[in-house]
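Take a look at the structure set out below.
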Amino acid sequence: MTNPFKPTAGMTPPVLVGRQHDLDDFSYALDDGVGAPGRLMYITGARGVGKTVMLNALGNVARQRDWLVIDETAENGFMQRLIDALRKPKHLINAVKLPSASMGVPGTPFDATVALGSVELAGQEHALDFRQAMGDRLDKLEKKQRGILITLDEVQASSLDEMRSLATAVQHLIREQRNIAFVFAGLPSMVEDVVNDKVLTFLRRAERRHLGDVPLEEVRNAFKETITANGLTTDEATLDMLAAATNGYPFMIQLVGYWTWRAADGREDGPSGVLTSGDAENGIARAKLKLGDMVHGPALDSLSPVARDYLLAMAQDDGPSSTRDVARRLERDAGYANVYRTQLIKEDIIYATGYGYVDFKLPYLRDYLREHGAYHQMRRTLEAGD
Ligand SMILES: Nc1ncnc2c1ncn2[C@@H]1O[C@H](COP(=O)(O)OP(=O)(O)O)[C@@H](O)[C@H]1O
Ligand SMILES: [Mg+2]
């Protein structure tokens with residue numbers, strides 16, 4: 001039997017849990033007409049919380065309305081890729097012309113000037129070309145009440161220059177009352193850098209969707225629906241167990257589902273066609289291991305050594321940690337430790353449980369740190385020796 005769960009970044013899950021409200025708001029914004037506030041939006045949240053999947057789902061909302069949807073990732077050169085996508089038929093003609101242009105005289109001073117100038121002009125030119133390309137497409141689409149949605153994923157600090165060009169153009173298009181929507185997504189601190197950029201002040205007016213945990217009740221229903229719709233049966237207690245193991249963290253829903261399904265499907269002994277509590281135990285254990293490789297590892301890698309130490313110091317506690325104890329364990333004063341506390345909260349890795357207390361937000365991170373703590377400590381020692 002095909003495993004219905006999708007524990008892969010960016011893969012649309014069998015049931016999109018807990019996000020109906022966001023989709024409804026976006027539908028409303030599209031139907032509300034030009035200039036509706038929800039048409040300019042940014043999505044943040046920790047790794048694996050479902051940002052990419054959300055962009056796909058919003059794209060589908062627009063496609064249902066027959067909009068043109070262009071999905072891009074904010075890697076180097078995305079402005080040009082957007083322009084190309086908008087000018088698809090023309091783009092083919094450009095591609096044919098390209099070789100003859102580069103057949104000039106390579107390495108001559110003329111080439112050098114062109115190259116230098118193009119670096120400086122690229123930003124403005126891109127903004128203008130993009131506006132032009134959007135305008136041309138919209139002229140035709142708007143006659144049929146259609147619009148254009150642009151989604152931009154993985155916004156990061158390095159894309160700031162191009163984000164500026166894009167945002168300037170989008171701002172103009174909004175002012176010209178064109179039928180557009182623009183949604184971008186990234187990790188909380190990345191997106192914050194972009195939104196706080198002086199040039200991009202208008203993005204502060206964008207609606208922010210900070211994605212977090214989804215309700216366990218909905219997780220449970222999603223398990224029930226997915227398991228039974230795909231040909232297995234299970235009991236209520238097992239469903240409770242599966243739901244609880246996810247902590248409402250979207251990536252974990254798919255991991256737990258996938259590995260439990262695999263345990264049930266691949267079992268040689270016992271009842272077939274039934275997903276048992278034993279399968280669930282098995283699957284949950286595998287899911288935790290995978291979560292470490294796929295989420296905890298990369299999340300820790302992207303942190304500074306002191307931020308990692310902060311987490312290691314927290315992992316010594318079985319529940320919420322006193323920020324004072326953490327500072328003491330780090331052998332630092334409270335002010336210094338607080339910088340890292342703030343940073344980790346912003347990244348959705350920890351949260352404040354009450355005054356002076358913090359706890360882990362990413363599920364099972366404490367266990368992961370306890371198991372891999374020595375390794376991270378060692379790496380830090382290596383880094384310090386560089
Ligand atoms: N609302 C949701 N319900 C169920 N599974 C989800 C949901 N959102 C995301 N997922 C699953 O979680 C995983 C991570 O989603 P993704 O969109 O790649 O996260 P992000 O872009 O925030 O890192 C994928 O396997 C996806 O299928
Ligand atoms: Mg993503």
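Each ligand, and each atom within it, is numbered from 1 in the order the structure gives. These numbers come from a predicted model, not from an experiment.
The nearest protein atom to atom 25 (O) of ligand 1, hydrogens excluded, is given as Lys6 O, 2.6 Å; this is a heavy-atom distance. For atom 17 (O) of ligand 1, the closest non-hydrogen atom of the protein is Val53 N, 2.8 Å. For atom 23 (O) of ligand 1, the closest non-hydrogen atom of the protein is Gly48 N, 2.8 Å. With hydrogens left out, the protein atom closest to atom 18 (O) of ligand 1 is Gly10 N, 2.6 Å, a heavy atom. Taking atom 27 (O) of ligand 1 as the reference point, the nearest protein heavy-atom neighbour is Met11 O, 2.6 Å.
Note that the OG atom of Ser189 and the CD atom of Glu347 stand 3.5 Å from one another [nearest 0.5 Å].
Residues Phe360 and Tyr364 place their aromatic rings such that the two centres sit no closer than 6.0 Å. For an aromatic pair to be called close, the ring centres must be under 6.0 Å apart, and Tyr355 with Tyr357 fails this.
In this structure a side-chain-to-backbone donor-acceptor pair under 3.5 Å is present from Arg308 to Leu300.
Using a 4.0 Å cut-off between heavy atoms, Val214 makes no contact with ligand 1 at all. Only the backbone of Pro7 comes within contact range of ligand 1, with a heavy atom under 4.0 Å; no side-chain atom does. Counting heavy atoms under 4.0 Å from ligand 1, residue Leu211 does not touch it at all.
Remark: ligand 1 atoms within the under-4.0 Å shell around heavy atoms of Ala9 are 18 (O).
Taking only nitrogen or oxygen atoms, main chain and side chain alike, Thr52 reaches within less than 3.5 Å of ligand 1. Where the criterion is an N or O separation shorter than 3.5 Å, residue side chain and backbone included, Gly50 meets it with respect to ligand 1.
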